[in-house]
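Report on the structure given below.
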Amino acid sequence: MGEVAGVAEMQAALSRIRRASGLPVAFGGLLPADGHGRRLRIAELSGAATHALHGLVITAGSGLGGKSMALSRPCAVTDYHASRHISHEYDVAVAAEGLRAVLAVPVVVRRKVRGVLYAALREATPLGDRALNAAMAAARDVEQSLVVQDDAQRLLETAREPVAGPGAWELVRAAHSELRALAPRLVDPALREELVAVCGRLAAAAGDGPAPRRQPHVPLTPREVDVLACVAAGATNAAAGERLGLRPETVKGYLRSAMRKLGAHTRLEAVVAARRAGLLP
């Protein structure tokens, strides 16, 4: 993982802004993944004619984006260069790209600004509700993705901790269940692959835990394992469906298929058999 997470999410968000708003230019960036500092670097551009904005460092309180960061709310100007409501540290780069009307929307996760999305026109025209709604919807998408990534990183740290005693195994199993549920929701392929790999290592480590492996490998599908991981954590079909983004009936179908493959007659038997097969920790 790089220092900044969410590149794929940002690219998707910028494309969504342009498609939904009709504005020709969108760009943005995220703060460092550790959440420290108040300086943001413009890293993603969509529809730009030059590279003038790429790599531009935005400080909280400076320019339109910096004002949006400082206030934690959307800000807009009809004519960037003539506006008396923002500072003008970035006029050269904005002029080089030929931008006039500009909108900035903050990406806010758990009350902390994590980035800014911009949308712009090359004409001094007021930006209406369509542009604002498109940018805010795209920002919400990025926010939700960052929440998932934050949770994944937290669970990865838990999963990497040494296992010591039965109580620790329960924590590991809970982390495994949550990681399995989070992985399909991640846009970042590198983080998704890391989560899947960690899940595999946790399951393989079960041979050293309180439930030694005796049953041969059973070819369950990833979704069948996801459902069993939720069941192992005590989730009902409805709760598992909510966690995995599936209908309860679909969860029931996956569970029934997994039980058949494992030769199990109850949910508990299926979980025990999956652990013995090295599919769950």
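Using modelled atom types, one side-chain atom of S145 and one backbone atom of D141 make a donor-acceptor pair closer than 3.5 Å. The main-chain N or O of R39 is never found under 3.5 Å from a side-chain atom of T59 such that the two would form a donor-acceptor pair. Although no hydrogens or angles enter the test, the distance criterion places no donor-acceptor pair under 3.5 Å between the side chain of E97 and the main chain of A52. A side-chain donor-acceptor contact under 3.5 Å links S21 to the backbone of I17. No donor-acceptor pair closer than 3.5 Å links the side chain of R275 to the backbone N or O of L280. No donor-acceptor pair under 3.5 Å is formed between the side chain of T125 and the backbone N or O of L121. With hydrogens and angles ignored, the 3.5 Å screen pairs a side-chain donor or acceptor of R130 with a backbone N or O of A20.
In this structure, CD in E269 is found 10.5 Å from CG in L262, a value given to the nearest 0.5 Å. The line from CG of L30 to CG of L146 is 6.0 Å long, rounded to the nearest 0.5 Å. Distance check, rounded to the nearest 0.5 Å: CD of E44 to CG of L117 gives 11.0 Å. If you take CG on L103 and CG on L64, they are separated by 7.5 Å, rounding to the nearest 0.5 Å. In this structure, the separation between CD1 on I58 and OG on S68 is 11.0 Å, given to the nearest 0.5 Å. Expressed to the nearest 0.5 Å, how far NE2 of H54 lies from CG of L45 amounts to 5.5 Å.
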> When you look at H88 and V94, which way does the side-chain contact (heavy atoms from CB on, under 4.5 Å) test go after all the steps?
Replying inline: CA-CA 10 Å; H88 290 273; V94 173; over 6 Å; no

>> Go through it in stages, so that I can follow the logic: the residues are H85 and V77, the test is side-chain contact (heavy atoms from CB on, under 4.5 Å), and I'd like the CA-CA distance, side-chain angles, deciding distance and then a yes or no.
In response: CA-CA 8 Å; H85 302 292; V77 292; 5.5 Å; no

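In this structure the side chain of M69 never reaches within 4.5 angstrom of the side chain of P106, judged on heavy atoms. The closest side-chain heavy-atom distance from V25 to L99 is below 4.5 Å. Contact annotation: the side chain of P74 approaches that of L132 to within less than 4.5 Å [non-hydrogen atoms, C-beta and beyond]. Residues L23 and L127 are in side-chain contact: their nearest non-hydrogen atoms beyond the backbone lie under 4.5 Å apart. With a 4.5 Å cut-off on side-chain heavy atoms, V113 and V107 do not count as touching. A heavy-atom distance below 4.5 Å is not found between the side chains of E9 and Q144. Using a 4.5 Å cut-off on side-chain heavy atoms (C-beta onward), P24 and R122 make contact.
The side chain to side chain contact (heavy atoms under 4.5 Å, CB included) with V227 is formed by just one residue from the set L220, L244, T221; it is L244. Under the salt bridge (charged side-chain N to carboxylate O under 4.0 Å, His left out) rule, E224 has a single partner from R180, R260, K261, which is K261.
Applying the side chain to side chain donor-acceptor pair (under 3.5 Å) definition to pairs two or more places apart or across chains, those involving residues 236-256 are S177-R243, N237-R267. Sorted by first and then second residue, the ring pair (Phe, Tyr, Trp, His ring centres under 6.0 Å) pairs with a member in residues 260-281 form an empty list; sequence neighbours excluded.
In terms of hydrophobic clustering, with Ile, Leu, Val, Met, Phe, Trp and Tyr side chains grouped at heavy-atom distances under 4.5 Å, V251 and L279 are assigned to a common cluster. Y90 and V105 are assigned to two separate hydrophobic clusters, defined by single-linkage of ILVMFWY side chains at heavy-atom distances under 4.5 Å. Criterion: ILVMFWY side-chain heavy atoms under 4.5 Å apart, direct or through other members. Under it, L40 and V108 are part of a common hydrophobic cluster. Neither M136 nor V142 shares a network with the other; the hydrophobic side chains, linked directly or stepwise wherever heavy atoms of I, L, V, M, F, W or Y lie under 4.5 Å apart, form separate groups for each.
Annotation for L228 and A258: closest pair CD1-CB, 3.9 Å, computed over non-hydrogen atoms. Between I86 and G63 the shortest heavy-atom distance is CB-C, 4.2 Å. Considering all non-hydrogen atoms of both residues, A240 and A235 come closest at N-CB, 4.0 Å. Summarising the geometry of G61 relative to S87, their closest heavy-atom pair is O-OG, 4.0 Å, with the distance given to 0.1 Å. V102 and A120 make their closest contact through CG2-CB, 4.1 Å (heavy atoms, listed as atom of the first residue, atom of the second, distance).
Residues R18 and S46 have side chains that bring a donor and an acceptor to within less than 3.5 angstrom of each other.
Ring planes of F27 and Y118: parallel class, angle under 30° (limits at 30 and 60°).
For H81, the NE2 atom is densely surrounded, since the number of other residues' heavy atoms within 6.0 Å is greater than 12.
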